[in-house]
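Below, all heavy atoms of this structure are taken into account, side chains as well, without hydrogens, waters or symmetry copies. Quick caveat: nothing in here was measured; it's all calculated off a predicted structure. Position 1 is the first residue of the sequence; numbering continues from there.
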Amino acid sequence: MSVDRIEATEGGETEAGTVTQTAVAGESLAATASVKTYPVAPGVRLNVRRGPGTNYQIVRVLPEDTRVPIFCQTPGTTVSGPYGTSKIWDNIDDGEYVSDAYVHTGSDGYVASRCG
């Protein structure tokens with residue numbers, strides 16, 4: 001399952017965009033709801049890559065005004081974007097990365113644990 005944003009609702013379900021989904025088997029709702037999301041730079045359609053660098057294949061493109069979860073972060077190709085120049089890449093889903101230079105985290109450093 002791949003979602004851009006997850007928010008808990010009162011009914012014990014999570015909402016991703018306009019599609020309501022229940023928690024994935026093996027994941028508790030608390031674990032799913034505790035992941036913080038961050039906004040992608042305004043007006044940007046952001047490339048999602050298979051790994052932490054511009055040399056990795058693009059697997060999808062996020063639409064404008066998207067928020068992304070950051071499960072972990074890792075160093076990779078240096079990229080310049082709206083939020084500066086960074087070599088940090090954000091893991092937003094299983095095997096999917098975006099450059100932190102396009103994500104407003106409020107920090108020039110790591111805001112999540114390093115990917116293992």
Discussion item. Through direct or indirect side-chain contacts below 4.5 angstrom among Ile, Leu, Val, Met, Phe, Trp and Tyr, which residues connect to Ile58?
Written reply: Val61
Worksheet entry | Minimal non-hydrogen separation, Ala101 against Ser80, with atom names | CB-C, 4.2 Å
Fill in: Atom of Cys115, atom of Asn91 and distance for their closest heavy-atom approach
SG-CB, 3.9 Å
Discussion item. Tell me the closest heavy-atom pair linking Val35 and Phe71, and the distance in Å.
Written reply: CG2-CE2, 3.7 Å
Discussion item. Go through it in stages, so that I can follow the logic: the residues are Leu62 and Ile92, the test is side chain to side chain contact (heavy atoms under 4.5 Å, CB included), and I'd like the CA-CA distance, side-chain angles, deciding distance and then a yes or no.
Written reply: CA-CA 11 Å; Leu62 299 177; Ile92 64 166; 4.2 Å; yes
Worksheet item: Same hydrophobic cluster for Tyr110 and Tyr38, using side-chain heavy-atom links shorter than 4.5 Å among ILVMFWY?
Response: no
Practice prompt. Take Val103 and Val68, measure what side chain to side chain contact (heavy atoms under 4.5 Å, CB included) needs, and give me the verdict at the end.
Written response: CA-CA 8 Å; Val103 180; Val68 294; 4.1 Å; yes
Discussion item. Just verifying a value: how many Å separate Ser99 OG and Leu46 CG, rounded to the nearest 0.5 Å?
Written reply: 7.5 Å
Worksheet item: Are any of the side-chain heavy atoms of Arg114 and Pro75 separated by less than 4.5 Å?
Response: yes
Item to complete: Kindly give the heavy-atom pair with the smallest separation between Gln73 and Ile88, and that separation in Å.
Response: NE2-CG2, 3.6 Å
Response to the item:
side-chain contact (heavy atoms from CB on, under 4.5 Å) filter on Thr78, not counting sequence neighbours, yields Thr85, Lys87
Discussion item. Give me each pair satisfying ring-ring contact (aromatic ring centres under 6.0 Å, His included) with a member in residues 86-109, each pair once, sequence neighbours excluded.
Written reply: Tyr83-His104
Worksheet entry | Distance, nearest 0.5 Å, that separates CD1 of Ile70 from CG of Asp100 | 5.5 Å
Worksheet, complete the sentence: Pro82 and Ala41 have their tightest heavy-atom pair at CG-CB, 3.6 Å
Worksheet item: Does Asn55 offer a backbone N or O that forms a donor-acceptor pair with the side chain of Arg49 under 3.5 Å?
Response: no
Practice prompt. Identify whether Val111 and Val98 are in the same connected component of the hydrophobic contact network (ILVMFWY, side-chain heavy atoms under 4.5 Å).
Written response: yes
Worksheet item: If you look at every heavy atom in Pro39 and Arg67, which pair is closest and at what distance?
Response: CD-NH1, 3.7 Å
